[in-house]
Amino acid sequence: MKNKTFHKKKILVVFLAAFILILYLIGRLVYLMVFDAEYYQQKAEDLHERERDIKAARGEIIDRSGTVLATNRTVCTISVIHSQIENPEKVIEKLSEFLEMDADQVRKKVEKISSIERIRSNVDKRTGDKIRNLGLAGVKVDEDFKRYYPYNELASKVLGFTGGDNQGIVGLEVKYEKYLKGINGKILTTTDARGIELDGVAEDRLEPEAGNTLRISLDYTMQKYALQMAEKVRTEKQADKVGIILMNPQNGEIYAMVNVPEFDLNQPFMLNNEETGENLTDEQRQDALNQMWRNGCINDTYEPGSTFKIITASAGLEEGAVHLTDQFSCPGYKVVEDRRIRCHKVGGHGAENFIQGIQNSCNPVFIEVGLRIGVDRFFDYFRQFGLMDLTGVDIPGEAGTIMHKKENVGQVELATISFGQSFQITPIQLATTVSALVNGGRRVTPHFGMEVLSAEGKKVKTFRYNAKKHIVSEKTSQTMRKLLESVVAEGSGKNAYVEGYRIGGKTATSQTLPRSANKYISSFVGFAPADDPQILGMCVIYNPQGVYYGGTIAAPVIGKIFENILPYLGIEKQ
């Protein structure tokens with residue numbers, strides 16, 4: 001009897017345990033089928049689907065008039081799906097032949113066990129079509145886009161270029177990446193458990209979204225002509241490089257920015273000087289490429305020399321430290337403390353007033369003005385004019401002003417600063433500051449980006465830029481316009497004169513460090529019309545050979561550009 005009772009209890013325990021287990025399994029099944037169904041459905045889809053990207057067309061970059069400066073060309077991406085390959089040797093043979101690749105390199109990819117393996121991207125469309133027409137099982141040919149620049153070297157250091165995945169690397173391409181890049185699409189194919197595509201099951205496509213179009217202030221015609229002039233003067237003077245900026249001083253729009261030598265945007269990894277490409281290590285080659293890609297107008301600093309006298313004169317007039325009729329004497333030098341600082345004219349300019357001092361670009365006159373202003377107030381004006389800040393130009397990598405700390409500036413340092421030596425600024429900084437000093441006193445933000453357009457041409461975004469008013473009074477600005485017009489009409493900038501137009505400007509010739517190397521930088525900054533500036537031009541020539549004076553070689557470049565550009569802008573002769 002006891003044994004019978006014991007067995008009944010044993011059976012009951014087993015039954016209860018089985019019942020609980022069954023309840024758990026049912027509950028688990030309900031949970032998986034109802035509450036976790038979406039997760040496992042996705043897992044099943046992942047197991048049975050092969051996914052390939054469809055590259056989105058990158059947005060175009062157009063100039064202010066709609067000329068296309070950066071666009072796309074259709075190319076192909078060649079891939080293989082290991083599980084679908086029926087004749088691997090034929091696949092290796094044909095792909096290595098058509099793609100001009102080493103057979104061993106192709107074999108490694110073909111024999112690699114993976115869901116999908118890319119063989120090569122950016123393949124010419126004709127080649128891609130030929131491979132597609134072979135009908136090789138397991139070989140996929142997907143159309144893709146490659147960045148294309150119709151004008152090769154034009155504005156190369158402004159536009160920048162893209163990498164292998166069409167992402168921006170330098171220049172405007174990287175600055176406006178989020179507007180240009182677009183959204184990739186996908187191709188989904190259904191396979192069995194072995195990864196073989198199922199017949200009769202259509203591919204699913206998620207269509208890509210093309211990037212937006214970027215409209216910039218650069219003008220193709222002005223850029224092209226400025227490039228020709230820069231190349232011409234570089235060849236004639238055997239200079240290391242030449243930079244030219246053309247901008248609207250009223251609103252900061254940059255019409256042209258040239259840095260020669262430029263490089264081919266369609267072959268951005270090919271050095272533009274064949275000699276520098278020989279016998280270079282990988283590190284040296286990368287350094288050479290980085291230098292080739294640099295936008296000298298924005299990324300590099302230099303001693304501005306006498307063009308900086310525009311800043312000293314403006315500060316002096318605003319401070320009341322100098323007046324147009326003030327008299328000066330230049331014996332060819334000025335002694336400051338224990339230093340004898342020379343004028344560029346060895347014999348001196350003799351007696352002269354301030355107007356004649358700026359026309360003659362006389363160092364002793366500007367040393368005297370700087371000393372009258374004093375260190376503290378001079379630095380106040382640096383900050384007021386915006387010289388100690390970045391301009392905010394929309395090209396990455398802008399360099400800042402390299403200036404003495406105020407506590408380290410004595411009378412000698414102040415004297416050299418006053419005529420543009422012993423510190424460094426960028427060309428874009430000088431052009432922007434001069435724009436403010438002649439446009440009535442508004443510090444504008446230099447820029448290229450104007451607006452973003454959809455693929456259908458509708459405005460998506462208009463860019464707005466800050467302007468700081470009253471960095472100098474309208475009276476000081478008006479006086480500076482007249483003074484700088486007299487420099488071109490009667491003084492050192494006469495080679496920038498254009499018949500029928502009122503041109504203002506200032507020349508400069510500065511010596512690079514070390515001074516013993518006898519290398520110079522010649523420059524000129526000018527604007528027109530002088531009474532109401534609509535365009536400002538700047539030319540910087542680095543290490544010219546032979547005659548190196550800014551008034552002799554840089555001023556004519558801007559003069560010639562203005563002669564052609566002013567009618568183009570609709571500015572009539574007066």
Side-chain angles (χ1 to χ4, degrees), residues 245 247-252 304-326 328 352-363 365-366 368-370 372-373 377-378 380-387 417-420 425 429-444 467-494 496-497 501-508 523-538 550-551 555 558 562:
I245 299 171
M247 65 183 286
N248 185 333
Q250 301 294 339
N251 59 18
S306 294
T307 50
F308 192 79
K309 290 172 182 174
I310 299 173
I311 283 86
T312 303
S314 299
L317 291 168
E318 189 79 355
E319 183 71 6
V322 66
H323 302 88
L324 301 185
T325 55
D326 285 1
F328 299 86
E352 55 189 340
N353 60 27
F354 184 63
I355 297 174
Q356 293 167 325
I358 196 169
Q359 289 174 352
N360 295 329
S361 195
C362 179
N363 286 351
V365 168
F366 284 89
E368 177 61 29
V369 173
R372 289 181 187 180
I373 297 170
R377 289 298 292 149
F378 216 148
D380 288 342
Y381 280 110
F382 286 161
R383 283 186 283 271
Q384 182 174 317
F385 292 172
L387 283 162
I417 289 170
S418 67
F419 60 87
I425 60 175
Q429 178 64 265
L430 184 69
T432 303
T433 305
V434 173
S435 292
L437 298 177
V438 300
N439 71 9
R442 286 175 292 104
R443 172 83 183 193
V444 296
K468 183 180 177 183
K469 297 181 179 179
H470 311 306
I471 69 165
V472 291
S473 65
E474 173 58 50
K475 181 181 178 182
T476 296
S477 182
Q478 184 179 27
T479 301
M480 287 306 304
R481 291 196 294 269
K482 290 179 179 178
L483 285 171
L484 294 172
E485 183 180 6
S486 76
V487 171
V488 174
E490 305 173 49
S492 59
K494 59 182 180 293
Y497 174 73
Y501 290 102
R502 297 175 62 180
I503 311 291
K506 185 73 189 73
T507 63
S523 61
F524 177 81
V525 58
F527 54 92
D531 57 333
D532 181 25
Q534 298 300 308
I535 185 168
L536 179 139
M538 182 174 180
I558 297 299
F562 280 179

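For the numbers below, each heavy atom of this structure counts, side chains included, while hydrogens, waters and symmetry mates do not.
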Whether [X] side chain and [Y] backbone form a donor-acceptor pair below 3.5 Å:
X	Y	value
Gln250	Pro533	yes
Ser435	Pro249	no
Thr507	Gly493	no

Practice task
Please list, chain by chain and in numerical order, all residues satisfying ring-ring contact (aromatic ring centres under 6.0 Å, His included) with Phe562, sequence neighbours excluded.
Solution key: none
Problem - Phe385: partners by ring-ring contact (aromatic ring centres under 6.0 Å, His included), with sequence neighbours left out - result: Tyr381
Problem - Pair Thr433, Arg443: side-chain N/O donor-acceptor within cut-off below 3.5 Å - result: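 Arg443 and Thr433 do have a side-chain donor-acceptor pair below 3.5 Å.
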Problem - Donor-acceptor pair between Ser361 and Ser492 side chains, under 3.5 angstrom - result: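 The criterion, which ignores hydrogens and geometry beyond distance, is not satisfied for Ser492 and Ser361.
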Separation of [Y] [atom2] from [X] [atom1] (nearest 0.5 Å):
X	Y	atom1	atom2	result
Thr476	Leu437	OG1	CG	9.5 Å
Met538	Ile245	CE	CD1	6.0 Å
Met480	Asn439	CE	CG	12.5 Å

Practice task
Anything under 30° is parallel, anything over 60° is perpendicular, the rest tilted; go ahead and classify Phe308 against Phe378.
Solution key: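 Phe308 vs Phe378 ring planes: parallel.
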Handout entry: For Glu352 against Gly357, the heavy-atom pair lying closest together
Key = OE1-CA, 3.6 Å
